[in-house]
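I'd like to ask you about the structure that follows.
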Amino acid sequence: MKTVFSGCGIAGALHYGLPDPTQESPGAHAVTAMTEALAHRGPHGAGLWERPGVVLGHRRLAITGLGPAGVQPMTRDHLTITYNGEIYNAPQLAQELSRFYDFTSVTDTEVVLRAWQHFGPHGALQRMEGMFAFALWDEHIRCLYLVRDPVGIKPLYYHRADGFVLFASEVEALLASGQVPRRPDTDVLARHLLCSSTLPPDRTRTLVRDVTAVPAGTFLALHPDGRRHATTYWTLPAPGAPEHATDGADRGEELRGLLARGVTQMLLGDVPVAAFLSGGLDSSAITALAASAAAGPVPCITTAPPPTAPAGETSTDLHFSRLLAAALPGRVHHHLAEQEELTLEDLDAVCDLAALGDDPRHVTIARNYRTVHELGLRVVLNGQGADEVLGGYVGRPTFYRHLLDVRAPDPRTIRTLPGSRQIPGLSPAVLALRATAHQEVLDFHAGLPGTLLERAHRLLFHTQLQRILQFEDYLAMRSSVEARFPYLDHRLVEWAYTQPFHHHIHPDRRQGKIHLAAAMRDELPRTIRHRPKAVFPHQAHGPLQAALARIATDHATELRNDPLIDHLFVLPSALAEAPASILWPVLSLWRWHHKLRRTAPPPPHPRQARIASREMVR
């Protein structure tokens, strides 16, 4: 069976109580507005479905041919779904289910519906391999399910108010409904400034008050009478070595098999699948495996070195990515994503209302995704997750400083967690929370299973990795590109976390990811397999500081008059002369607040929404 895949944006509403079926279902105008706000996530089609008390909206990014078979929301019998993601084992599930149902499309969306119908929520989710976020309405029991994939690759946010629940793929879409107050959650903001956006342990909270993220590996059941409950259907396995992994060679072979299977599945689709190639071990492994499995040459995108880099530099990503391209003649097409001067528009482009954009590398990452789009591509393989899952941060100074601080924290000297920068200029109101914010992370770490190292390994998965996935999905979909993550196939993740953590580390070199280096022994040159871990390329400090200073100077009055900035920072008298370490978070926060306060276009009148919905599903 050849299955149709599509990445998407989803939105919807559930109203409490049982509306009069003769009256117009409330919320269609709000869902239409949210769906339109997600157009960048799905430029190839839109749909709206409504019944008394429930409305579902959908935008489609076509990865395989766009036709009536892929129209969403999709209904089969008593189940209706609006779905974002890819189920990579959909052909196998469809074959199993074809004994009981006649499939009328070749979409993985229909496979999800039939699996849910046949196996129930738990049984279906245990069988699905992929990344997804979806809302599913069961008319028989009048229940709306909000579901996220095990690892949390695809996002889903919701707002619960008196009388209704709204959900969407992005916080901005929720605000476009006109039903969600545009109020910052200053408590969460303070924690992001103190611990960076990567470390707060409660990943359900967003920077917008009363907007919540559905947790990874969880489904929420919402009923029109107000009842709700959350069910966790997947968690990391308990620590411990699997019995069949007896030595390092076996573990390398196991990892290679898992990674190759994941890469092969993620090449599915009728459009070419590209790969990000930095020339490091993680991306090179994916590129080599994709080049072996793909029907034609794999387009590869490498970030160009900054203009200040010496010509002919042999330690850059470009140098190592060219080495790999030379080792795979005719099997890759190499492209460069050029770095450009930072602008205010760049700051706005990386501004996700769900979390603070406190990492300057986001601008470079966003430009990489734009390069994918400009090349006419829609799907790219991404190497994120390898460091968190396979022990790649071992040997980095921040990793050990963090462990030492967790081992013996000193309340007299606690500022922020090591590994996150100390942002100067924070206000007394923020600094008053620093000991509490730090202790929350320490307590979360202490409650994880395993040895000290294994707990740190798991902490990265539950905190830093979730933030990475959040911004990767946001930045990719802003350019109508779907990112796929072979290292985050949940079977590979389960394998990695059942290994004792010390098995991931070379005992003498304090180097992680040794299984990955072993797995790729026959595919990658030794210089790439043992290349030291490098920082992702981004603008050099000098040009970055100059660009930030220019923006601060041009908009100094707006910055100083922003009430949120005033609450969270004590700004220096000469803002333009402040170091980049303060300018970046201040400017990022200012643009975040600007976007939050920006007046959204009013939702269309309900009558207009009805007309729009009919147009969408034609």
Side-chain angles (χ1 to χ4, degrees), residues 8-38 45-60 71-84 109-110 112-114 116-117 120-121 133-147 156-169 173-180 210-212 214 219-230 602-618:
C8 311
I10 64 174
L14 174 69
H15 288 255
Y16 300 143
L18 297 175
D20 184 341
T22 64
Q23 300 296 316
E24 179 179 53
S25 176
H29 60 296
V31 176
T32 298
M34 291 193 292
T35 303
E36 291 175 350
L38 295 170
L48 194 75
W49 176 93
E50 62 176 305
R51 292 294 184 274
V54 60
V55 188
L56 304 180
H58 187 264
R59 296 289 314 199
R60 186 178 186 202
V71 168
Q72 291 192 51
M74 180 182 288
T75 299
R76 294 295 182 269
D77 297 331
H78 59 285
L79 302 177
T80 302
I81 192 172
T82 180
Y83 161 78
N84 170 27
T109 309
E110 186 176 13
V112 173
L113 282 170
R114 292 307 192 187
W116 193 279
Q117 183 176 3
F134 61 84
L136 187 148
W137 172 253
D138 187 327
E139 181 66 30
H140 279 179
I141 60 175
R142 293 193 58 78
C143 180
L144 179 69
Y145 294 93
L146 302 182
V147 187
L156 188 56
Y157 304 97
Y158 67 98
H159 167 74
R160 191 172 187 269
D162 291 338
F164 65 89
V165 172
L166 299 177
F167 67 86
S169 296
L174 286 174
L175 295 177
S177 70
Q179 305 296 317
V180 181
D210 300 324
V211 172
T212 304
V214 177
F219 65 85
L220 303 180
L222 307 173
H223 297 268
D225 60 7
R227 289 179 296 127
R228 57 174 178 157
H229 63 270
H605 185 273
R607 182 176 178 276
Q608 293 174 320
R610 278 202 312 278
I611 295 171
S613 70
R614 290 198 294 268
E615 292 297 325
M616 287 177 180
V617 298
R618 283 182 179 173

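For clarity, every value in this text was computed on a predicted model and none was experimentally measured. The chain is numbered in sequence order, starting from 1.
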Gap separating the CG atom of Leu113 from the CG atom of Leu136, nearest 0.5 angstrom: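 Nearest 0.5 Å value for the CG-CG distance: 6.0 Å.
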
Backbone of Leu79 reached by a side-chain donor or acceptor of Asp77 within 3.5 Å: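 No, the answer is negative, given that no donor and acceptor are paired below the 3.5 Å cut-off.
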
Can you tell me how far apart CG (Leu14) and CZ (Arg142) are? Round to the nearest 0.5 Å.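 Reported value, rounded in 0.5 Å steps: 8.0 Å.
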
Shortest non-hydrogen contact from Phe167 toward Ala13: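 Where Phe167 meets Ala13 most closely, the heavy atoms are CE2-N, 3.9 Å.
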
Exam field: side chain Gln72 to backbone Arg60, donor-acceptor pair closer than 3.5 Å: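 Answer holds: no.
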
Nearest 0.5 angstrom please: Ser169 OG to Tyr157 OH, how far?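 Rounded to the nearest 0.5 Å, the OG-OH separation comes to 9.5 Å.
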
Do the ring planes of Phe164 and His159 sit parallel (below 30°), tilted (30 to 60°) or perpendicular (above 60°)?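 Geometry flag for His159 against Phe164: tilted rings.
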
For the residue pair Ala221 and Cys143, what are the closest heavy atoms and their distance?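 Closest pair (atom of Ala221, atom of Cys143, distance): CB-SG, 3.8 Å.
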
Output the distance between atom CG (Leu48) and atom NE2 (His58), rounded to the nearest 0.5 Å.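 It comes to 12.0 Å.
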
Student check: side-chain heavy atoms of Tyr16 and Asp162 closer than 4.5 Å: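 The answer is no; the side chains never approach within 4.5 Å.
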
Just say parallel, tilted or perpendicular for the rings of Phe134 and Tyr83, cut-offs at 30° and 60°.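 Tilted.
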
Compare every heavy atom of Gly57 with every heavy atom of Thr82, then report the nearest pair and how far apart it is.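 So the two residues come closest at OG1-O, 2.8 Å.
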
Stepwise side-chain contact (heavy atoms from CB on, under 4.5 Å) check, Val147 with Trp116: CA-CA 12 Å; Val147 187; Trp116 193 279; 4.0 Å; yes

Exercise: identify the closest heavy-atom pair between Thr80 and Pro73: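 So the two residues come closest at CG2-CB, 4.1 Å.
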
Atom CG of Asn84 and atom OG1 of Thr109: how far apart are they, to the nearest 0.5 Å?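 Output value for this atom pair is 10.0 Å.
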
Would you say that Tyr158 contacts Leu222 through its side chain, given a criterion of any heavy-atom pair below 4.5 Å between the two side chains?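 No; the side chains remain at least 4.5 Å from each other.
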
So how far is it from Leu56 CG to Arg51 CZ, rounded to the nearest 0.5 Å?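 If we round to the nearest 0.5 Å, Leu56:CG and Arg51:CZ are 9.5 Å apart.
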
Could you report the tightest heavy-atom contact between Ala135 and Leu146, atom names first, then the distance?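 That closest heavy-atom pairing would be CB-CD2, 3.7 Å.
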
Are any non-hydrogen side-chain atoms of Ile10 and Leu156 less than 4.5 angstrom apart?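 When only atoms from C-beta onward are counted, Leu156 and Ile10 do touch, with a gap below 4.5 Å.
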
For Thr35 and Ala11, which heavy atoms make the closest approach, and how far apart are they?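 Looking at all heavy atoms of both residues, the shortest contact is OG1-CB, 4.2 Å.
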
Tell me, yes or no, whether the heavy-atom count around Arg160 atom CZ, taken from other residues, nucleotides or ligands under 6.0 Å, exceeds 12.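 More than 12 heavy atoms, drawn from other residues, nucleotides or ligands, come within 6.0 Å of this atom.
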
